[in-house]
Amino acid sequence: MKTRRLGVNGPKIGCIGYGAMSFSDMYGPTNEAESHAILNGCREHGITHIDSANIYGMGKSENAIGTYLKANPTARQDFVIATKATITRDPDGNRCFDNSPEHLEAELDKSLQRLGVESVDLFYAHRRDPRFTPEETAENLGLLVKKGKTRAIGLSEVSPSTLRRAFKAYPIAAVQSEYSLSTRAPDLGLVQTCAELGVAMVAFSPVGRSLLTDNPIPRERIPGLPFLANNPRFIEPNLSENLRISSGFCALAAQMNTCRSTLIKEKLPLLAYFGDFCASI
């Protein structure tokens, strides 16, 4: 497994990580035993970066990781664990973002309890709260490093300018953004800014939520998966067109004997079905 550094002075992690959103039924029903089997597979194949969030199954993902760590006490040293907070609901039940220090610390405390650890390796602001400047958000996250509750901080889905401003206020170890052959927006400055500042660019969904594999999620299953059923990529006629386009990539990869799906099926069999991969670049 090739490695990447998590921030300027951070630990080295496997260049392929595991996105544990799948532990919360986002891609179909799963259970704790299956989640634990995946974590076993991660350790076997040198996958050290595990990425979760407080809203993944409203704690289900973190709970699965926590019970695994409790059952396997030596596993904590094998993993670099990341989690996130910020996405919440206002009093009327509407989705909103909260980057206040009180909210971030309260949610991280809950995550630590579910994970069964004293600190995580990386804690992200899941989304930017417009009530706070990038500098304020970075400083609010930095307080949690000073309190020993996370070793490093990150941002998710931000622009290059937001990253630059936040980085000046407190060292940002990583930025998470969707990035794949079909999602190229980070090429418009974010990838370059991360490289310049020494920030790890964590690409989530690098296999296009299955569309860039030999075995995309069957169309008959999609209506039963609310997360995908409301995603424009998986709604007709977009789905058929996306499958048509991505089939060309898979055919080319197969000709080059570097098929992504072949690698997933042969080298990472457990992850093929449940993973929302993260790759650090």
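In this chain, numbering begins with 1 at the start of the sequence shown.
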**OP:** In sequence, state the C-alpha distance, the side-chain angles, and the governing distance for L115 and N63, and then conclude on side chain to side chain contact (heavy atoms under 4.5 Å, CB included).
**Re:** CA-CA 6 Å; L115 291 165; N63 278 328; over 6 Å; no
Original post:
With a 4.0 Å cut-off, would you call D121 and R76 a salt bridge?
Top reply: yes
Original post:
Are the side chains of L212 and S246 in touch, meaning some heavy atoms are under 4.5 Å apart?
Top reply: yes
Original post:
If every non-hydrogen atom of E118 is compared with every non-hydrogen atom of L112, which pair is closest and at what distance?
Top reply: O-CD1, 3.6 Å
Subject >> Flag side-chain contact, heavy atom, 4.5 Å: Q176 against M201 >> reply: no
**OP:** Hey, could you give me the OG/CZ distance between S210 and F234, rounded to the nearest 0.5 Å?
**Re:** 4.5 Å
**OP:** Output yes when a side-chain donor or acceptor of S24 lies under 3.5 Å from a complementary backbone atom of K60, and no otherwise.
**Re:** no
**OP:** Calculate, to the nearest 0.5 Å, the distance between atoms CD1 and CG belonging to I13 and L122 respectively.
**Re:** 8.5 Å
Original post:
L228 versus R209: any side-chain heavy-atom pair under 4.5 Å?
Top reply: yes
Original post:
Can you check whether A75's main-chain N or O pairs, donor with acceptor, with N72's side chain at less than 3.5 Å?
Top reply: no
Original post:
Within the distance-only criterion (no hydrogens, no angle test), does the side chain of R5 pair as donor or acceptor with the backbone N or O of G10 below 3.5 angstrom?
Top reply: yes
**OP:** Could you tell me the separation between the CG atom of L143 and the OG1 atom of T150, rounded to the nearest 0.5 Å?
**Re:** 12.5 Å
Original post:
Does the distance from a Lys or Arg side-chain N to an Asp or Glu carboxylate O, for R131 and E136, drop under 4.0 Å?
Top reply: no
Original post:
Are R219 and E236 close enough for a salt bridge, meaning some N to O gap below 4.0 Å?
Top reply: yes
**OP:** Give a yes or no on whether the backbone of F123 and the side-chain of T83 come within a donor-acceptor separation of less than 3.5 Å.
**Re:** no
Original post:
Do the side chains of F132 and S100 get nearer than 4.5 Å, heavy atoms only?
Top reply: yes
Original post:
Given side chains that start at C-beta, do those of L239 and I222 come closer than 4.5 Å, heavy atoms only?
Top reply: yes
Original post:
Is there a side-chain contact between C15 and T3 (heavy atoms, below 4.5 Å)?
Top reply: no
Subject >> Heavy-atom side-chain proximity of R95 to R89 below 4.5 angstrom >> reply: yes
**OP:** In sequence, state the C-alpha distance, the side-chain angles, and the governing distance for N238 and R233, and then conclude on side chain to side chain contact (heavy atoms under 4.5 Å, CB included).
**Re:** CA-CA 6 Å; N238 300 341; R233 301 178 210 181; 5.7 Å; no
Subject >> Closest heavy-atom pair and its distance - D129, D98 >> reply: OD2-CA, 3.3 Å
**OP:** Give a yes or no answer on whether the side chain of N94 reaches the backbone of D90 with a donor-acceptor pair at less than 3.5 Å.
**Re:** no
**OP:** Kindly compute the distance separating CD1 (I172) from CZ (R164), expressed to the nearest 0.5 Å.
**Re:** 13.5 Å
Original post:
Heavy-atom count around E220 CD within 6.0 Å, excluding the residue itself: above 12?
Top reply: yes
Subject >> Given L155, L163, T162, the one that forms side chain to side chain contact (heavy atoms under 4.5 Å, CB included) with S159 >> reply: T162
Original post:
So, does S247 use its side chain to make a donor-acceptor pair with the main chain of R244 at under 3.5 Å?
Top reply: yes
Subject >> Approximate separation, where rounding is to 0.5 Å, of N99 CG and T137 OG1 >> reply: 3.5 Å
Original post:
Just checking, is any N or O donor in the side chain of N215 or T213 under 3.5 Å from an acceptor N or O on the other one?
Top reply: no
**OP:** Could you tell me whether Y18 and F23 have their ring centroids closer than 6.0 angstrom?
**Re:** yes
Subject >> Pairs flagged by ring pair (Phe, Tyr, Trp, His ring centres under 6.0 Å) wherever residues 64-120 is involved - sequence neighbours left out >> reply: H36-Y68
Subject >> Hphob cluster co-occupancy, I235 + M26, side-chain heavy atoms under 4.5 angstrom >> reply: no
Original post:
Under 4.5 Å between any side-chain heavy atoms of S182 and L211, yes or no?
Top reply: no
Original post:
Can you tell me if S205 uses its side chain to pair, donor with acceptor, with the backbone of G208 under 3.5 Å?
Top reply: no
Original post:
Just checking, any donor-acceptor pair under 3.5 angstrom between side chains of E62 and S111?
Top reply: yes
**OP:** Return yes if some donor-acceptor pair links the side-chain N/O of R114 with the main-chain N/O of S61 below 3.5 Å, else return no.
**Re:** no
Original post:
Salt-bridged, D51 to K84, with N to O below 4.0 Å?
Top reply: yes
Original post:
Counting heavy atoms not belonging to N9, are there more than 12 under 6.0 Å from its CG?
Top reply: no
Subject >> Closest heavy-atom pair and its distance - M21, Y56 >> reply: CA-CD1, 3.4 Å
Subject >> Taking every non-hydrogen atom, the tightest pair across A20 and S52 >> reply: CB-CB, 4.3 Å
Subject >> CD (Q113) with more than 12 external heavy atoms under 6.0 Å >> reply: no
Original post:
Which heavy atom of R127 sits nearest a heavy atom of S156, and at what distance?
Top reply: NH1-OG, 3.5 Å
Subject >> Shortest non-hydrogen separation from L39 to A64 and the atoms involved >> reply: CD1-O, 4.5 Å
Original post:
So R128 and E157, salt bridge (Lys or Arg N to Asp or Glu O under 4.0 Å) or not? Walk me through it.
Top reply: CA-CA 8 Å; R128 182 184 171 187; E157 301 281 15; over 6 Å; no
Subject >> Check ion pair K149-E105 (N to O, under 4.0 angstrom) >> reply: yes
Original post:
Do T30 and D25 have side-chain atoms, one donor and one acceptor, less than 3.5 Å apart?
Top reply: no
Original post:
Checking E139 side chain against Y170 main chain: does a donor-acceptor pair fall under 3.5 Å?
Top reply: no
